[in-house]
2 protein chains.
Amino acid sequence: MRTQHGVSLTYGLLETLGQSIVSGHYDGSGFPTEAELCQQFSASRTVAREAVKMLTAKGLLSARPRQGTKVEPVSRWNLLDPDVTRWLMERPFSNTIYREFTEVRLAIEPVAAALAAQHADRKDIKAIRDGLNGMRDHAAEHDQALAADIEFHVAILRASGNPFFWQLRELINTALRLSIGVTNKISGHTASIPAHEAVLIAIEKGDADGALHAMRAILLESLELIKTYDPAVGE
Amino acid sequence: MRTQHGVSLTYGLLETLGQSIVSGHYDGSGFPTEAELCQQFSASRTVAREAVKMLTAKGLLSARPRQGTKVEPVSRWNLLDPDVTRWLMERPFSNTIYREFTEVRLAIEPVAAALAAQHADRKDIKAIRDGLNGMRDHAAEHDQALAADIEFHVAILRASGNPFFWQLRELINTALRLSIGVTNKISGHTASIPAHEAVLIAIEKGDADGALHAMRAILLESLELIKTYDPAVGE
DNA sequence: TTAAGACAATTGTATAATAAAAAATGCCGC
DNA sequence: GCGGCATTTTTTATTATACAATTGTCTTAA
């Protein structure tokens, strides 16, 4: 295995295997043994073992002598691990996972907004406002509008002052990127600027309850969109 | 290093190092080099490296040639990793971390209860009721009452049907175990049975909004308790 | 003073050999 | 035939060693 774009062999293999596992590549067939891994990826045993150990640390694999290395059931995966979350995005779009992401966001973000209303300092508020302005200014260019949308939501997580909320930034990043796949198919729908502005205003006023409900409204709408749109039917 | 109680050397070292890092043992001094680790723990380089790699996968460490291995800032830790969460409990009690845990619970559990009200099947409800009954029947014995309390809350996470919520069981487990350290110091306080019962009843009725608010009430009370009780003052 | 190059420290990678675990197999006595 | 026990075999776990790659530091010369 050749080292690619600055990543070490071990981390390259970690990435490759992580994506393969999450996308179900080994579901029927069982995971390769160490020897097979070394051969398939032309890697040394050290590299293969360390990649497997890292995947084990994330709950994706387990290994025992004689029994081999197995893919763990999804219920054991560390779904909130940023790497795992990211790998989840690389697999074929699933309405279910998108709904589950949004349910997590529905739980976290309103409370984060409420905490932000209580604790945000000037710098926090500037970051949130920058996100909102970006959404407004680049409404036409999808990529930049999405980036600004993400910036807005992540800035609120940070402003909450709770490091655990901050951990979920990768999930929200992923969820919002998935969401374009959904909302683009629904004619004329774009992220609502006024709804986002309401959140900012409430945070600026220190209105925790207002921020909570304004954010909750944004996410409830997303959740409604998902339920309305069933990919099996068409739109 | 001798293998202890059935754990492999690598996992033993992972546990030891994880606890040490989280408890701040290397904060001033910097993390040992591979060579030093091998010597200090009488471990082979493979064992040391694999333990370090797993800690890297959890965001606690980073390693670069010539620069050595460093403890990452807390903001990079995978705080929602079950192992990390558990290690956090082993360090000296901190009012801050307990508040942060409870804020996460305040976000997650009400929404989980609402989803449970929509999706719970008979088995889910039985598990929740078992928890509640356990709290009632063993109100006097602290250990069993705590276990039942945990069972109640975790059963609701499971009943939500969202695997991401289920990931937070270790955090809730830890938070509730920490909570006895707080509530025991507040005379006469025990987990409120009626408040928990209200959650169960709402879930049984399929009343999502009722379940959400009932659960929210429980957690808001916990949060109030923390604010009231300042360990610096005494009680 | 600065830049080029040599040096050194530390992690990264490779390989070989042995140990331990546990499943599979075969053997034996009955 | 069949149950139980010893043996074999497969696979990961551990140890040891050597070399490569990276990068900070020091030296030296222009």
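Order of the sequence lines sets the chain letters (A, B, ...), proteins ahead of strands, with each chain counted from 1. Only this structure's heavy atoms are used, side chains among them; waters, hydrogens and symmetry mates stay out.
- For the pair B:Leu13 CG and D:dT14 C1', the computed distance is 13 Å after rounding to whole Å.
- Straight-line distance from the CD atom of A:Glu36 to the C1' atom of D:dT12: 13 Å, rounded to whole Å.
- Counting only residues at least two apart or on different chains, the salt bridge (charged side-chain N to carboxylate O under 4.0 Å, His left out) pairs with a member in residues 23-34 of chain B are B:Glu34-B:Arg45, B:Glu34-B:Arg49.
- Closest approach to the B:Thr33 side chain among C:dG12, C:dA21, C:dT10 is made by C:dT10 (side chain taken as heavy atoms from C-beta onward).
- Closest to the B:Leu9 side chain, of the nucleotides D:dT12, D:dT14, C:dT13, is D:dT14.
- Partners of A:Glu36 under the side-chain contact (heavy atoms from CB on, under 4.5 Å) rule, at least two apart in sequence or in another chain, are A:Pro32, A:Thr33, A:Gln40.
- Within the structure, every pair that satisfies the ring pair (Phe, Tyr, Trp, His ring centres under 6.0 Å) test and touches residues 10-29 of chain A, not counting sequence neighbours, is listed here: A:Tyr26-A:Phe31.
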Each nucleotide N or O in nucleotides 16-18 of chain C that has a protein N or O under 3.5 Å away: list the pair and distance.
| residue | atom | partner | partner atom | Å |
| --- | --- | --- | --- | --- |
| C:dA17 | N6 | A:Arg45 | NH1 | 3.0 |

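- In this entry the distance linking CE of A:Met54 with C1' of C:dG12 reads 12 Å, nearest Å.
- Take the nearest nucleotide of DNA chain C for A:Arg64 and for B:Pro65: the residue whose nucleotide is more 5' is B:Pro65.
- At the phosphate of D:dA13, OP1 or OP2 sits under 4.0 Å from a side-chain N or O atom of A:Lys53.
- Remark: nothing in residues 69-77 of chain A comes within less than 4.0 Å of DNA chain C through any heavy atom.
- Counting to the nearest Å, the C1' atom of D:dA13 and the OH atom of B:Tyr11 are 11 Å from each other.
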Donor-acceptor pairs are to be reported for all side-chain atoms of residues 62-80 of chain A against protein atoms at under 3.5 Å, with residues two or more places apart or in another chain.
| residue | atom | partner | partner atom | Å |
| --- | --- | --- | --- | --- |
| A:Ser62 | OG | A:Glu72 | OE2 | 2.7 |
| A:Trp77 | NE1 | A:Glu72 | O | 3.0 |

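- Side-chain N/O atoms of B:Ser8 include none lying less than 4.0 angstrom from OP1 or OP2 on D:dT12.
- The listed nucleotides are D:dT14, C:dT13, D:dG24; the one nearest the side chain of A:Arg49 is D:dT14.
- Between the C1' atom of C:dA14 and the CD atom of A:Glu34 lies a distance of 14 Å, rounded to the nearest Å.
- When only modelled atom types and interatomic distance are considered, B:Arg99 and B:Asn95 share no side-chain donor-acceptor pair under 3.5 Å.
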Show me the donor-acceptor pairs, under 3.5 Å and distance only, between side chains in residues 111-129 of chain A and residues at least two apart or in other chains.
| residue | atom | partner | partner atom | Å |
| --- | --- | --- | --- | --- |
| A:His119 | ND1 | A:Leu115 | O | 3.3 |
| A:His119 | ND1 | A:Ser160 | O | 3.4 |
| A:Asp121 | OD1 | A:Lys123 | N | 3.1 |
| A:Asp121 | OD1 | A:Asp124 | N | 2.9 |
| A:Asp124 | OD2 | A:Asp121 | N | 3.2 |
| A:Lys126 | NZ | A:Asp130 | OD2 | 2.8 |
| A:Arg129 | NH2 | A:Glu204 | OE2 | 2.4 |

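- Remark: B:Gln167 engages no residue in a side-chain hydrogen bond (donor to acceptor under 3.5 Å, both in side chains) (not counting sequence neighbours).
- Distances from the side chain of B:Ser44 to the nucleotides D:dT14, C:dT13, C:dA22 place D:dT14 closest.
- Phosphate proximity of D:dT9 to A:Arg66: absent, as no side-chain N or O sits under 4.0 Å from OP1 or OP2.
- Not a single donor-acceptor pair under 3.5 Å links the side chain of A:Arg169 to the backbone N or O of A:Leu157.
- Annotation: side-chain hydrogen bond (donor to acceptor under 3.5 Å, both in side chains) contacts of B:Glu15 (sequence neighbours excluded): B:Arg86, B:Trp87.
- When rounded to the nearest whole Å, the span between CZ of B:Phe31 and C1' of C:dT10 equals 14 Å.
- Contact annotation: A:Thr10 does not reach the phosphate of C:dG12 (side-chain N/O to OP1 or OP2, under 4.0 Å).
- You'll find that the side chain of A:Thr46 is closest to C:dA14, out of C:dG12, D:dT14, C:dA14.
- B:Gln67 places its CD atom 6 Å from the P atom of D:dG24, with the value rounded to the nearest Å.
- Using a 4.5 Å heavy-atom cutoff, the side chains of B:Thr10 and B:Met54 are in contact.
- What separates CD of A:Glu50 from C1' of D:dT14 is a distance of 14 Å, to the nearest Å.
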